[in-house]
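Report on one structure; see the data block that follows.
Atoms within each ligand, like the ligands themselves, are counted from 1 in listed order. Counting begins at 1 with the first residue of the sequence.
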Amino acid sequence: MSALGAELSAIAAAAFAAEGLSQSFGQVTRSDRPDLAQFQCNGALAAAKEAKANPRAVADKIAARLKTNSLFAKVAIAGPGFINLDVTDGALTARGAALAKDARLGAPETGRGKTIVVDFGGPNIAKPMHVGHLRSAILGDCLQRLYRANAWTVVSDIHLGDWGLQMGQLISEIGHRGIAPIYFDANVSGPYPAESPVTMDDLEEIYPAAVAACQADEGRLNEARQATAELQAGRAGYRALWKHFFNVSKFGLDREYGSLGAHFDMWKGEASVDPIVGPMIEDLKARGIATVSEGALVVHVERNTDKKEMPPLILVKQDGAVLYGTTDLATIIDRVREQNPDLILYVVDQRQHLHFEQVFRAAEKAGITGKAVLEHAGFGTMNGTDGKPFKTRAGGVMKLFDLIAMATTEAEKRLAEQGIGADYSADERADIAKKVAIATIKFADLSNYRHTDYVFDLERFSRFEGKTGPYLQYAAVRIQSILRRAAGEGHAIGEPAIRSPEERTLFLQLLSLPDAMAAAEKGRAPNILCDYTFTLAQQYSRFYAEHHILSEPDAAIRASRLGLCRLTLAALVKTLAILGIEVPQRM
Ligand code: ARG
């Protein structure tokens, strides 16, 4: 089934075409003055400008054509040439019935036959995660869910930072401490112990100590660089140590991301493309794409249209170590070989924009992108109420676990205030609090356009009123409970119908779910879905306030209202699921 907005746009596009104007002017959207009309088409103004005609006259001609279509209850021209449109209740009802029968709720099929690789998460082994990684996890996970819902084949990859200087720093610090001499013994080439000589907690202590040592002492920094280069060159003991770091970290990260509900199809990383890096460099050198500059091997990516300075992408440093951009380039080769994607989306902090621009240009220059479009979906920072990047009270970097724990405590407090779950088991209460906490964090993040920095105000975002995750969960839970009671009282559920303005408004919103999903995909913008869901919940609550549902004496009317409740719930649950928010059974 087609989305209503798309259907109306196609009709308007045909009207423009019939007047010899471009179809692109036929874009129909929900009206921003719902008191005047349901939909609007502003294309006549731009079309008139292009054709050097009078906008009102163009609007008249388009309107005359639209009036012949029985779908419209109203076609009216406003102001200089806006076309306002209403659809008949009959047409809305028929489309509502079709929507209610469609398990996908009319989700667009933009991705049918297409593959996307979503690169998100990107934590670094040993280095603690920061709020940038948190945003990447929330946004990236939401985008992968959205793309799946829109029928794309999605492969997500965490792309671990596991190959840089921090690895050499860890190795040389462990060497200094004499914790595990066997890995440093040049006379030993394995096998090495299966058990890791360090735990996750050890790494968290060793890494900052190593960084401090390198800062204080140039000699230590050189050792760390040397260790990095030897690791990358394949020294067996270092590789074995690295494997332990990887496993220990993966175990910890798996739990952190798991608690957030974020999933990765692949746990690859910078190191995983190591076998590709050597041949890639040889090939780029042979084809003259990579050249030597000041002792380093680089790819020049500047273009004469550049307004800003565009430094070359460095592939190999003077000391032989490969860099972040080198592994990113090799990862493109790997993905094109393995997934042959149509799109690779990098959900990474906006501050890395230059890096991606360099990598994308180098990839295009090298001709390694296959059919893939490469795109950086950047985002701004999550700030504390002080306007600075979000930190713990002690001023440290907030870990994901700590953030979730903090939000859970807040959720417990809120639930108690609302008297929710007082008579539930402690387990169920804890489960609800956890789900509310995750909803608080995710909705706060996703409801802001990704490029804007935002202030994470836990007090505000954990409220059950206002534009928050918990409000939406609660709205869905209340509908669930009505439907449970209806089932308990043996009431039938029928096809939704329009008998009042509130029902009509709700219908229009339900029918525009596919348009919202398409728009969110187009802009890589989960905030569009957040707005959609919030509006839906508000409109439902107006409908609920104005109508009897379970207490409605007329069985047919009651059944159709229950049908509308059920469809609203389905749309709420679906959009929340895309946002990565679970709805508790009851609250
Ligand atoms: N590890 C990187 C960081 O912490 C993020 C990785 C993003 N993905 C990528 N393909 N570069 O900044």
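What sits closest to atom 12 (O) of ligand 1 on the protein, heavy atoms only, is Q352 NE2, 2.7 Å. The shortest contact between atom 8 (N) of ligand 1 and any protein heavy atom is with D119 OD1, 3.0 Å.
Contact check for E582 versus L576: no side-chain heavy atoms found under the 4.5 Å cut-off.
Checked for salt-bridge contact, R239 and E230 miss the test: no charged N lies under 4.0 Å from a carboxylate O. Taking 4.0 Å as the cut-off between side-chain N and carboxylate O, D162 and K250 do not count as a salt-bridged pair. The pair E282-K285 meets the salt-bridge criterion, with a side-chain N (NZ, NE, NH1 or NH2) lying under 4.0 Å from an Asp/Glu carboxylate O. The existence of a salt bridge linking D349 and R450 is excluded, since no basic side-chain nitrogen approaches an acidic carboxylate oxygen closer than 4.0 Å.
For the atom pair NE2 (H263) and OG (S156), the distance works out to 5.0 Å, reported to the nearest 0.5 Å.
Every N/O-N/O distance between F356 and ligand 1 stays at or above 3.5 Å. An N or O contact shorter than 3.5 Å is missing between E270 and ligand 1 by distance. Between N124 and ligand 1, a contact under 3.5 Å exists for at least one N or O pair. Residue Y346 has no nitrogen or oxygen atom sitting less than 3.5 Å from a nitrogen or oxygen atom of ligand 1, judged on distance alone.
Interface atoms of ligand 1 facing H133, defined by a heavy-atom separation under 4.0 Å, are 3 (C), 4 (O). Within ligand 1, the atoms closer than 4.0 Å to a non-hydrogen atom of Y324 are 2 (C), 5 (C), 6 (C), 7 (C), 9 (C), 11 (N), numbered from 1 in the order shown. Within the listing of ligand 1, atoms 7 (C), 8 (N) sit less than 4.0 angstrom from a heavy atom of V348.
Aromatic ring centroids of H451 and F379 lie 6.0 Å or more apart.
For T331, no heavy-atom contact with ligand 1 is shorter than 4.0 Å.
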